[in-house]
Amino acid sequence: MSECRIACDLHDYIEIACLYGYQVRLTLKDKKIVEGRALNIVTEEKREILLLDQNPNGKIALDQLAKLQVLTPNARFTEVIF
């Protein structure tokens, strides 16, 4: 797998969101907001990508995340700042 471009402890939160299929709201570094259900993390062209089910392009580079908010009720966490 490619080099971890975000702190590994923060990476764990994304993996948990995918594992439980949490509905998430992502705020990107460019202030754009994207929502969808977290599906998986894949590696493309040496970048880690979060796959979402309801995003038009379905792919968000992990190094572009500023904040992750979990919208699913009773989730194991609610917000992560990157």
Side-chain angles (χ1 to χ4, degrees):
M1 181 164 276
S2 68
E3 176 183 324
C4 186
R5 296 189 182 272
I6 62 171
C8 289
D9 61 326
L10 298 176
H11 195 278
D12 291 344
Y13 286 105
I14 299 169
E15 290 178 353
I16 291 168
C18 293
L19 177 68
Y20 290 103
Y22 287 161
Q23 187 72 21
V24 297
R25 176 180 295 132
L26 306 173
T27 304
L28 307 181
K29 290 181 179 177
D30 65 1
K31 307 296 185 215
K32 182 178 175 186
I33 294 177
V34 179
E35 290 187 14
R37 186 170 58 92
L39 298 176
N40 199 4
I41 301 171
V42 297
T43 303
E44 291 183 2
E45 300 174 14
K46 299 184 180 182
R47 292 181 80 188
E48 288 184 305
I49 306 292
L50 174 60
L51 301 179
L52 298 177
D53 70 340
Q54 296 173 355
N55 185 12
N57 68 7
K59 300 176 182 181
I60 303 294
L62 297 189
D63 60 0
Q64 295 304 305
L65 295 176
K67 180 167 64 171
L68 179 149
Q69 295 171 284
V70 177
L71 305 176
T72 302
N74 302 317
R76 296 181 182 265
F77 64 97
T78 57
E79 184 177 271
V80 179
I81 306 295
F82 294 89

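If you're wondering where the values come from, they're calculated on a predicted model, not measured in any experiment. This chain uses plain numbering: 1 for the first residue, then up along the sequence.
- One finds the CZ atom of Arg37 at 5.0 Å from the CG atom of Asp53 (value rounded to the nearest 0.5 Å).
- Side-chain contact between Val70 and Glu79: absent, with no pair of heavy atoms (C-beta onward) separated by less than 4.5 Å.
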Kindly indicate, with the supporting measurements, whether the criterion side-chain contact (heavy atoms from CB on, under 4.5 Å) is fulfilled by Lys32 and Gln64. CA-CA 10 Å; Lys32 182 178 175 186; Gln64 295 304 305; over 6 Å; no
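- Under the 4.5 Å side-chain criterion, counting only non-hydrogen atoms from C-beta, Thr78 is not in contact with Gln69.
- Arg76 and Tyr20 are linked by a side-chain donor-acceptor pair at a separation below 3.5 angstrom, with hydrogens and angles left out of the test.
- Using a 4.5 Å heavy-atom cutoff, the side chains of Leu26 and Ile33 are not in contact.
- A 4.5 Å side-chain heavy-atom check between Phe82 and Asp63 finds every atom pair outside the cut-off.
- Thr72 contributes a side-chain N or O that, together with a main-chain N or O of Gln23, makes up a donor-acceptor pair within less than 3.5 Å.
- Closest heavy-atom contact between Ala66 and Lys29: CB-N, 4.1 Å.
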Could you walk me through whether Leu68 and Thr27 pass the side-chain contact (heavy atoms from CB on, under 4.5 Å) check? CA-CA 6 Å; Leu68 179 149; Thr27 304; over 6 Å; no
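- When the side chains of ILVMFWY residues are joined at heavy-atom separations under 4.5 Å, either directly or via intervening members, Leu65 and Phe77 end up in a single hydrophobic cluster.
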Stepwise, does the side-chain contact (heavy atoms from CB on, under 4.5 Å) test hold for Leu10 with Val80? CA-CA 7 Å; Leu10 298 176; Val80 179; 3.5 Å; yes
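- At a threshold of 4.5 Å between non-hydrogen side-chain atoms, the residues His11 and Ile41 count as touching.
- For the atom pair CD1 of Ile49 and CD1 of Ile60, the computed distance is 8.5 Å after rounding to the nearest 0.5 Å.
- Arg25 is not listed as a side-chain neighbour of Lys67, based on a closest heavy-atom distance of 4.5 Å or more.
- The cluster map of Ile, Leu, Val, Met, Phe, Trp and Tyr, joined by side-chain heavy atoms under 4.5 Å apart, puts Leu52 and Leu19 in the same cluster.
- Considering all non-hydrogen atoms of both residues, Cys18 and Leu50 come closest at SG-CD1, 3.5 Å.
- Atom OH of Tyr22 is surrounded by more than 12 heavy atoms from other residues, nucleotides or ligands within 6.0 Å.
- In this structure, the side chain of Asn40 does not engage the main chain of Leu51 through any donor-acceptor pair within 3.5 Å.
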